Amino acid sequence: MTSSSDGTGTGPSSAPIIRDDLLRNGNPRPSGDGSTDRGAAEGDGDPLLEGLNPQQLEAVVSRTGALLIVAGAGSGKTRVLTHRIASLIQNREAWPSQILAITFTNKAASEMRERVEALLGSRAEGMWISTFHSACVRILRREAEKFGFAQGFTIYDSADSRVVLKRIIKSLDADVLGFTPANASARISTLKNELADAESFARTANFSDPNEAAFVEIFRQYQRTLRAANAFDFDDLISQTVFLFRAFPDVADVYRRRFRHVLVDEYQDTNHAQYALIRELVRAPEPDADALTGIVRPGDEAASLTVVGDSDQSIYAFRGADIRNITEFERDFPGAQVILLEQNYRSTQNILSAANAVISNNFDRKDKKLWTADGDGEQIVGYTGYSGHDEAQFVADEIDRLHRDGLEYGQVAVFYRTNAQTRALEEIFIRQAIPYRIMGGTKFYERAEIKDAMAYLTAVANPADELALRRILNTPKRGIGPATETGLSRFAEDNGISFREAMRRAADLGLGPKVTGAIRSLSALLDEAAEQVAEGKVSEVLQHLMSGSGLITTLRTSRDPQDEARAENVEELIAVVKEYQKNNPDSGLIDFLTETALVAAADDLDDASGTVSLMTLHTAKGLEYDTVFLTGVEEDLLPHRMSANEPGGPAEERRLFYVGITRARKRLFISLAMTRAQFGETAVAMPSRYLQEIPAELIDWRQSPGTATSRGGTQPRALNAQRGGFGSSGSLANRPLTEKRDWPNRVTNQVRDNGDLELEAGDRIEHTDFGQGRVVQVTGVGTKRIAHVQFDTAGAKKLLIKIAPITKL
DNA sequence: TCAGCCCCCCACCGG
DNA sequence: GGGGGGCTGA
């Protein structure tokens, strides 16, 4: 049992300002009885409680040990969470360091942090607001040495895992059994999400099945390789933290005592490993009695747990999310309080009606209808382009129009199902001079040249990482081929030394003088860099590695025209490092590597307010924008072809569509294309089945998919049967459209190098896609000059002069 | 033994 | 469109 605060020791638990009764788990607050019928008057005078509806207020002030907030889209969930955190701090019920708030995406984490900081100012420091993965890395880095890893362990991304698996599969000839790096990786990932490891799996495996026997061996070797490389993959970060807590209860207790308030966002998306981690964290620590006084200190009870979720927004089944975690919360945590937030404060009624109509097609759900008191708003706008580029052009034109009417670019988001769809959007946006930023994509860090540069840093930070060493061994080309690589590897094995040590002893391998010299100078470069690390400056280390290795120089002098851009990317990485260092003066090389491994893009380093945000529907969850473009609403994309035939697939894809719709505050655009490029080829696309689930009167089709038939002609286009088909506001209804020439407003993705073409107001130009027009105005300088053109038939457009496919007449 | 070239095969979503 | 594997020429 908890005694009263003694007020003498150190640490928050002894601070007199902490209200002991409130730290106690499960105790009612002095001022309340836990009923949801709490008058708003209670919030009077406290800015943190003002303007909350009764349910939101209860969710902020409730202090039961376990709290589930069922929050429909736009119901003020983030507001409730951030105010709840802020009120804990403000009322001195907790120190910031006692708060652990977990989200799924980096974007959501930085958003929550910003909002808490806005409420509290600098008092938010010391709070852990992070993704599951970053929280686990922080714990693992501190405790790594307790279980045989060095503190500077590497985090392998999925591509790294596949390289390892590829080698293993090849060495075992397991490819004949149907193993590929991708499927083996997926299988291992699924197991790790269930907290299985190679040995526990082996215990239940059926070894008479050659496939299963081979898989056990692959799994074992994979895990052995990672351990030898002092590396964790993404799934390990969670599962190993759970194993750590279970194996070392005293270590777990440190975190259990520290985090008195654990809050989990998007709880419906937790998988078993994440669930287990939460359970471990909110378990009561062993009593920590003061040996001298015998006083048991407060904080020895289980931490309070707040989870927020909405089963209609569960979209991560593909990585093991288990909806039961939320549906069975009350059984898991007896005495838990449940609060429902249903009123929507984000979207117009038209948008909500569309969302309600769509999601009601999912069975097995508790009926729930979002509603707003704010009115119908504008109709949803629909558009069908001939191709992905036409669709992108429509999006660009609408953004341009809205921007001219005063809407900030930062208030606009474009969503899509797959990252591949960004290409067409980017090509058109660049040509149309629309500032955009791709959120959440890992693209930059997935580029080969960036991975190369990062591998140099990794090799310095974690010399055990053979994968990183092999990657840079012959990058740039220095005449060290596969034979030499294998030779080094064998030499290391034969002599019981690391690959890195084998490089130092290259002279003993009996290789040619040229190759030996190449290995030794690389080895020396890495040694120099390692010494430099101790002095601090990560950017200098990277610059030294880049100039010493000649990576940038090689790219600059290459004959391949694309290498120039690659060199610039590496330069940009150096700039990123410098920027990182400026913002995090106390952070070292390992911190930087962790950050880049876990934080998809450098997107929270920059303020994106002046740019349109492009992201996948998955990244969009939890965010909101004034204006939303939901693109590629086609069969095979949404639902995606990989999900359409899986059990639960179409329902999950519908939730994804629902998530996208409910992000919009005022304006929602839904678009699709008749044809879509994939594999570099163009295929016919059909409207998504979900489109017909939106009541026809809610959508204003600027250009309807109508009754156009697919090229195969065996099926009418999916939608015309319902509700009399699409509105015929577009001129295309009831007219088969199979030929591109029948389709108006079609654009290409052509660009042209216009060099230093000079344009001024009044000039006439001709554009490949838009025909003739008159230049109204020219803005910007140099390569960023933009022509504002009034086309004779295509309307007003902005064009980036340098690359637009235009000629001066 | 290595570099260059061609061809094939692929591809959902995130940390 | 692009990365990786396999083949060929030096």
Side-chain angles (χ1 to χ4, degrees), chain A residues 102-109 130-137 155-163 166 170 175 180-182 186 189 192-193 232-238 266 269 271 273-274 314-321 415-421 423-424 427 439-443 445-448 451 474 476-487 511-512 514-515 518 558-560 562 594-601 615-622 632 636-644 646 649 652-653 655-656 659-660 676-683 749:
Chain A
I102 297 179
T103 64
F104 269 78
T105 62
N106 292 301
K107 190 99 180 65
S130 65
T131 61
F132 270 103
H133 293 85
S134 350
C136 287
V137 170
I155 300 162
Y156 280 0
D157 66 17
S158 3
D160 298 327
S161 299
R162 281 183 205 172
V163 172
K166 184 193 270 177
K170 202 176 169 191
D175 49 338
T180 63
S189 174
K192 287 184 175 178
N193 287 336
F232 291 112
D233 66 21
F234 279 132
D235 301 310
D236 285 336
L237 297 177
I238 315 287
E266 311 289 6
D269 284 329
N271 61 33
Q274 289 160 336
S314 165
I315 55 174
Y316 282 99
F318 74 91
R319 62 174 199 205
F415 301 155
Y416 37 82
R417 177 64 171 84
T418 70
N419 283 307
Q421 291 165 252
R423 193 176 300 146
E427 282 166 359
M439 315 303 298
T442 51
K443 274 195 152 170
Y445 290 100
E446 278 171 5
R447 290 170 187 275
K451 290 214 84 167
N474 198 31
K477 301 262 182 287
R478 42 174 81 91
I480 309 174
T484 311
E485 187 182 321
T486 312
L511 298 160
K514 210 176 134 203
V515 180
S558 151
R559 284 185 304 126
D560 184 340
Q562 292 186 341
T594 304
E595 179 97 357
T596 48
L598 295 178
V599 176
M615 68 191 83
T616 64
L617 285 165
H618 283 87
T619 305
K621 193 173 60 159
D636 290 348
L637 276 178
L638 193 71
H640 195 272
R641 68 172 67 76
M642 307 291 278
S643 307
E646 281 184 18
E652 172 142 327
E653 299 282 311
R655 289 194 290 269
L656 205 45
V659 164
R676 180 126 346 234
Q678 51 173 2
F679 299 104
E681 284 177 3
T682 303
N749 57 341

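Letters go in sequence order (proteins before strands), and every chain restarts at 1. Here the structure is a predicted model, which means the values were calculated and not measured.
Counting to the nearest Å, the P atom of B:dA3 and the CZ atom of A:R478 are 11 Å from each other. One interatomic measurement links the two molecules: CD of A:E266 to P of B:dG14, which rounds to 14 Å at whole-angstrom precision. Atoms CD (A:Q421) and C1' (B:dC13) sit 11 Å apart, rounded to a whole Å. The CD-P distance, from A:E681 to B:dC10, rounds to 14 Å in whole Å. To the nearest angstrom, P of B:dG14 lies 18 Å from CG of A:D233. Atom CZ of A:R162 is separated from atom P of B:dC9 by 18 Å (rounded to the nearest Å). Distance, A:N271 CG to B:dG15 P: 14 Å, rounded to whole Å. Atom CD1 in A:I155 sits about 14 Å away from atom C1' in B:dG14, given to the nearest Å.
For the pair A:N419 and B:dG14, the criterion of a side-chain N or O lying under 4.0 Å from OP1 or OP2 is met. Side-chain nitrogen and oxygen atoms of A:T619 include at least one within less than 4.0 Å of the OP1 or OP2 phosphate oxygen of B:dG14. Taking only side-chain nitrogens and oxygens, A:T616 comes nearer than 4.0 Å to OP1 or OP2 of B:dG14.
Nucleic acid contact class of A:N474 (heavy atoms, under 4.0 Å, all strands): sugar-phosphate only. At a threshold of 4.0 angstrom between heavy atoms, the contacts of A:K514 with the nucleic acid are absent. Residue-level contact check: A:R423 touches the backbone only, with heavy atoms under 4.0 Å from sugar-phosphate atoms and none from bases. Among the atoms of the strands shown, only primed sugar atoms or phosphate atoms (P, OP1, OP2) are found under 4.0 Å from some heavy atom of A:Y316. Nucleic acid contact class of A:S134 (heavy atoms, under 4.0 Å, all strands): none.
By the 4.5 Å heavy-atom criterion applied to side chains, A:K451 and A:D160 are counted as neighbours. Side-chain contact check for A:R417 versus A:E653: some heavy-atom pair is nearer than 4.5 Å. Taking 4.5 Å as the limit, every side-chain heavy atom of A:T131 sits out of range of all side-chain heavy atoms of A:T105.
In this structure, the aromatic ring of A:F318 is positioned over the six-membered ring of the base of B:dC13, centres within 5.5 Å and planes within 30°. Ring-to-base geometry places A:H640 in a stacked arrangement with B:dC12 (centre distance under 5.5 Å, plane angle under 30°).
Side-chain proximity of A:K477 to B:dC2, C:dG1, B:dG4: nearest is B:dG4. Distances from the side chain of A:F679 to the nucleotides C:dG1, B:dC13, B:dG15 place C:dG1 closest. Out of B:dC13, C:dG4, B:dG15, the shortest distance to the side chain of A:H618 is found at B:dC13. Among the nucleotides B:dC12, B:dG14, B:dG15, the one closest to the side chain of A:N106 is B:dG15. Closest to the side chain of A:M642, out of B:dC2, B:dA3, B:dC12, is B:dC12.
Residue-to-nucleotide proximity on DNA chain B shows that, of A:S189 and A:E646, the 5′-proximal contact is made by A:E646. Map A:V515 and A:F234 each onto its nearest nucleotide of DNA chain B; the residue landing nearer the 5' end is A:V515.
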Item to check | Step-by-step side chain to side chain contact (heavy atoms under 4.5 Å, CB included) determination, A:T594 to A:I155 | outcome: CA-CA 7 Å; A:T594 304; A:I155 300 162; 4.1 Å; yes

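Between the side chain of A:N474 and the main chain of A:I480, a donor-acceptor pair closer than 3.5 Å is present.
Residue A:D157 places no side-chain atom within donor-acceptor reach of the base of B:dG15, judged by atom type and a 3.5 Å distance cut-off alone.
Below 30°, between 30° and 60°, or above 60°: for A:F104 and A:Y316 the angle between ring planes is below 30°, a parallel geometry.
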